[in-house]
Amino acid sequence: MSNKFEQISIKSGFMKHNGGVLFRAVSETEYEFKTIINENHLNAAGITHGGYLSALIDAGAGTAAHRVSGNAPCVTISLDLKFIGASKVGDEVTGFTRVLKKTNTLVFLFCELKCDDKIITSASGVWKILKIKSSDLGPGG
């Protein structure tokens with residue numbers, strides 16, 4: 001298990017277009033991801049848009065579900081978010097994900113986004129482990 005961050009936004013798509021996400025495993029049940037907030041991520045109030053924070057958690061926690069499932073494709077069933085604080089341009093936002101439970105078909109996760117050691121978003125979610133090969137999904141799958 002490598003402790004180095006790796007870019008997970010390698011295929012064309014929303015997260016790559018928005019600057020990408022760096023990801024790493026901390027343990028078999030804990031994962032970390034991060035990104036830098038840029039102008040494209042802001043709302044009209046000049047703080048990071050909640051939709052972007054939602055997408056960031058979906059990408060980071062979804063990758064954790066994928067990894068804990070032996071790299072099986074996973075899709076989000078539910079994602080419950082709480083917006084607690086704010087971030088702005090130039091801030092590094094780091095996500096911490098903990099796998100709560102994994103069954104043969106589901107992964108239950110908890111995630112927090114932090115900026116300057118303060119929680120800005122917390123989330124819990126459920127991911128479905130798909131019983132198909134990644135290659136069957138086609139581009140972007």
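- Hydrophobic clustering keeps Ile77 apart from Leu130 (ILVMFWY residues linked when any side-chain heavy atoms are closer than 4.5 Å, directly or through intermediates).
- Atoms SG and CD1, from Cys115 and Ile37 in turn, are 7.5 Å apart once rounded to the nearest 0.5 Å.
- The side chain to side chain contact (heavy atoms under 4.5 Å, CB included) test with Arg24 singles out one residue from Lys34, Glu32, Lys4, Glu6, and that residue is Glu32.
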Please report the C-alpha distance between Thr97 and Phe33 in whole Å, then the side-chain angles of each, then the deciding distance to 0.1 Å, and finally whether the side chain to side chain contact (heavy atoms under 4.5 Å, CB included) criterion is met. CA-CA 8 Å; Thr97 300; Phe33 56 94; 3.3 Å; yes
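- In this structure, CG in Asn38 is found 11.5 Å from CG in Asp91, a value given to the nearest 0.5 Å.
- Using a 4.5 Å heavy-atom cutoff, the side chains of Ser27 and Thr29 are in contact.
- Annotation: side chain of Asn43 is not in contact with side chain of Thr48 (no heavy-atom distance under 4.5 Å).
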Please test Ile84 against Ser122 for side chain to side chain contact (heavy atoms under 4.5 Å, CB included), starting from the C-alpha separation and ending with a verdict. CA-CA 8 Å; Ile84 300 162; Ser122 68; 3.8 Å; yes
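- At a threshold of 4.5 Å between side-chain heavy atoms, the hydrophobic network of Ile, Leu, Val, Met, Phe, Trp and Tyr places Ile47 and Leu113 in two separate groups.
- Taking 4.5 Å as the limit, some side-chain heavy atom of Val99 sits within range of a side-chain heavy atom of Tyr31.
- Contact check for Asn40 versus Tyr52: no side-chain heavy atoms found under the 4.5 Å cut-off.
- Between Thr121 and Leu81 there is a side-chain heavy-atom pair separated by less than 4.5 Å.
- In the hydrophobic cluster analysis, where Ile, Leu, Val, Met, Phe, Trp and Tyr join through side-chain heavy atoms closer than 4.5 angstrom, Phe110 is grouped together with Leu106.
- In terms of heavy atoms, Ile120 sits closest to Ala86 at CG2-O, 3.5 Å.
- Under the 4.5 Å side-chain contact rule for hydrophobic residues, Leu79 and Ile119 do not share a cluster.
- Side-chain contact between His66 and Asn71 is present, with heavy atoms from C-beta onward closer than 4.5 Å.
- Lys114 forms a cation-pi arrangement with Phe96, by the criterion of a distance under 6.0 Å to the ring centre and an angle within 45° of the ring axis.
- Distance check: Ile36 CD1 to His41 NE2 gives 10.0 Å after rounding to the nearest 0.5 Å.
- With ring centers used as reference points, Phe23 lies 6.0 Å or more from Phe5.
- Here the CD1 atom belonging to Ile57 is positioned 10.5 Å from the CG atom belonging to Asp80, to the nearest 0.5 angstrom.
- Under the 4.5 Å side-chain criterion, counting only non-hydrogen atoms from C-beta, Val126 is not in contact with Val107.
- Hydrophobic cluster membership differs between Phe108 and Val75, with clusters built from Ile, Leu, Val, Met, Phe, Trp and Tyr side chains linked at under 4.5 angstrom.
- The closest donor-acceptor contact from the side chain of Thr76 to the backbone of Ser78 lies at 3.5 Å or more, if one exists at all.
- If you take OG1 on Thr94 and CG on Leu56, they are separated by 9.5 Å, rounding to the nearest 0.5 Å.
- Note that the OG atom of Ser69 and the CH2 atom of Trp127 stand 11.0 Å from one another [nearest 0.5 Å].
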